[in-house]
Amino acid sequence: MWQKLCFMTLAEESPGAGAALAERPTATAEAEDDSFAEEVYSLPGGEGVRWCIQCGICSASCPNVARMEYSPRRTIAMIRAGRRNDVLNSNSPWICASCYLCTVRCPRGVKPTELMHALERLSTRYGTHSRRVSTPAMYRAFVNSIKNNGRVHEVGLMMEYYRKTNPISALRMSSVGLGLLRHGRLSLKASKIKGVGQINAMLKKAESLGGAK
Amino acid sequence: MKVYTYFPGCSSSEGTAVAYGESIKAIAGAIGMELVELEDWNCCGSTPYSSTDELGSLCVAARNLALAEKAERDMVTPCSACFTVMNRAKAHLREYPDLRAKVKECLKEAGLEYGGGVRVRHLFEAIYNDIGFGTIAAKMVSPLKGLKVAAYYGCQLVRPESDFDDPNNPKSLEFLVTSLGAEAVPFAMRDRCCGGSLVIPELDLTLGLLHKVFESAAAGGARAIVTVCPLCQTNLDAYQDMVNKKFKTSYNMPVLFFSQLIGVALGMSPKALALDRGLVPAKKVLASYYSAVAATGGGA
Ligand code: SF4
Ligand code: SF4
């Protein structure tokens with residue numbers, strides 16, 4: 001399959017790829033899973049994978065590619081090669097900052113940003129997301145804040161996030177936190193909107209309709 | 001007066017970017033805008049929601065759209081993330097009929113309905129197109145002559161798509177800076193990423209991105225950075241000290257919201273513009289514009 005050849009032979013285009021490669025878990029001899037590519041094509045945001053010409057402009061544009069286990073281009077090649085586990089375990093989507101540079105530059109309209117989000121949702125649904133990043137915990141705390149208050153309460157979000165991940169790492173942030181507090185930029189009390197009930201009624205219905213799909 | 005529905009977003013209403021909301025309130029009337037806050041608005045959901053649960057995130061965004069539709073006005077938001085996320089939700093509801101049908105059912109549970117008719121605009125774009133920088137310049141009390149500013153777009157003002165500026169080479173923020181009498185310095189990183197909310201889970205990665213932005217702004221000779229996004233301001237301002245420690249640099253670059261920059265030129269007081277909320281003080285850089293105002297007896 002030509003896609004697989006692309007995946008194996010194209011030299012990585014990013015300047016920091018060496019570091020990323022070194023960090024990467026040893027390549028698995030994962031069996032090809034044809035249903036995986038089809039599954040991704042069927043997701044909102046996954047359609048464009050079919051149109052990719054593997055030019056690598058997305059990876060060359062990506063500010064965070066050096067920290068990704070697989071570049072955006074490579075991620076696409078792996079999807080087409082059916083590498084389900086490698087893709088859904090990778091840290092790459094969680095390192096995406098949604099800067100949309102890849103999306104405006106891609107010559108084929110693939111929308112790699114949307115693809116990254118789609119992969120985050122897929123690995124959340126299967127519970128296979130990377131344990132080597134803490135973005136999922138931050139996103140969960142963010143969503144919980146909306147469910148509880150209707151708005152994001154930054155202090156509450158941070159507290160939940162550090163409690164669930166690494167409380168010690170909060171120390172590093174303490175000077176920033178104090179600075180913001182002294183300048184009146186952290187509200188200690190969460191403000192709750194009147195429509196919290198509405199939101200939860202909607203989300204309950206959403207779940208009954210297939211929820212996080 | 002032009003009337004808009006106003007969606008402040010979480011950080012600009014009372015969070016880390018409260019100065020954004022405060023300075024917008026201060027300048028709105030003076031530049032001919034009436035901003036009517038969307039009643040009982042909720043968080044737009046932002047990237048974290050759409051990255052974990054598509055239907056849930058669309059529901060959350062759709063509640064705001066449904067509430068706004070009743071008001072029959074354009075909705076403006078000063079937050080680039082809210083702007084992008086709500087427009088993304090609108091596009092998804094248009095492009096995916098099955099999601100649209102599901103969201104409709106969910107909205108019904110909340111007694112709401114959305115027909116697709118709200119225009120969601122970035123406040124900066126509304127000021128650019130509806131008010132005009134020339135109109136603002138005509139009202140200036142203290143032109144920002146000699147102030148070297150790095151105009152920082154960040155990501156989500158003109159990307160993923162823009163109907164008012166070039167996503168690959170934006171110009172509008174530089175137009176504002178020069179309209180106010182200041183100088184827009186050459187600034188290669190002007191539309192690059194500040195890391196956004198990744199600053200929490202990926203601190204070192206984000207400090208690296210911020211470092212590049214400062215390096216580029218300083219190379220152009222900027223004395224201050226101006227932004228259109230609450231996340232950009234918070235990252236560039238509150239983490240500047242950490243960047244300095246990590247990269248052994250000594251950047252001392254106040255980071256202003258575009259609304260604050262307009263307010264200074266209009267002669268509004270530092271207090272009204274919440275300039276004192278910046279962690280990197282802007283006083284020194286802006287002092288001459290205030291003393292000029294004091295000398296002529298103008299200003300608010
Ligand atoms: S820029 Fe577009 S076409 Fe090129 S590799 Fe990336 S996704 Fe594929
Ligand atoms: S949107 Fe994500 S994947 Fe695309 S260039 Fe930006 S960080 Fe990289």
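Below, chain A is the first sequence line, B the second, and so on; all start at residue 1.
With a 4.5 Å cut-off on non-hydrogen atoms, A:K192 does not touch chain B at all. With a threshold of 4.5 angstrom between heavy atoms, A:C102 does not approach chain B through any atom at all. Using a 4.5 Å cut-off between heavy atoms, B:L205 touches chain A through its side chain atoms alone. With a threshold of 4.5 angstrom between heavy atoms, A:L180 approaches chain B through its backbone and through its side chain. Neither the backbone nor the side chain of B:L58 comes within contact range of chain A; no heavy atom of the residue lies under 4.5 Å from a heavy atom of that chain.
B:Q156 places a side-chain N or O within donor-acceptor distance of the main-chain N or O of A:S98, the cut-off being under 3.5 Å. No donor-acceptor pair under 3.5 Å is formed between the side chain of B:R63 and the backbone N or O of A:I199.
Heavy atoms of other residues, nucleotides or ligands lying less than 6.0 angstrom from CD of B:E113 number 12 at most.
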Evaluate the side-chain contact (heavy atoms from CB on, under 4.5 Å) criterion for residues B:E161 and A:T103: first the C-alpha distance (whole Å), next the side-chain angles of each, then the deciding distance (0.1 Å), finally the verdict. CA-CA 9 Å; B:E161 54 196 356; A:T103 296; over 6 Å; no
Show your working on side-chain contact (heavy atoms from CB on, under 4.5 Å) between B:E202 and A:N91 and close with a plain yes or no. CA-CA 12 Å; B:E202 291 289 336; A:N91 75 356; over 6 Å; no
Check step by step if side-chain contact (heavy atoms from CB on, under 4.5 Å) holds for A:T113 and B:R159. CA-CA 11 Å; A:T113 319; B:R159 289 193 302 266; over 6 Å; no
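Within the 4.5 Å cutoff, the side chain of A:Y162 has heavy atoms near those of the B:I200 side chain. Between B:D276 and A:H183 the shortest side-chain heavy-atom distance does not fall below 4.5 Å. Looking only at side-chain heavy atoms (C-beta outward), A:V143 and B:D53 stay at 4.5 Å or farther from each other. In this structure, the side chains of B:N168 and A:R105 come closer than 4.5 Å at one or more pairs of heavy atoms. Counting heavy atoms from C-beta on, the side chains of B:H92 and A:E114 come closer than 4.5 Å. You'll find the side chain of B:T52 stays beyond 4.5 Å of the side chain of A:F142, heavy atoms only.
Using a 4.0 Å cut-off between charged side-chain N and carboxylate O, B:E109 and A:K204 make no salt bridge.
Within residues 169-177 of chain A, the residues having any heavy atom closer than 4.5 Å to a heavy atom of chain B are A:R172, A:M173, A:V176, listed by residue number.
By number of non-hydrogen pairs under 4.5 angstrom with chain A, the leading residue of B:C193, B:P160, B:C59 is B:P160.
The two residues B:C43 and A:R151 come nearest to each other via the heavy atoms CB-CA, 3.9 Å.
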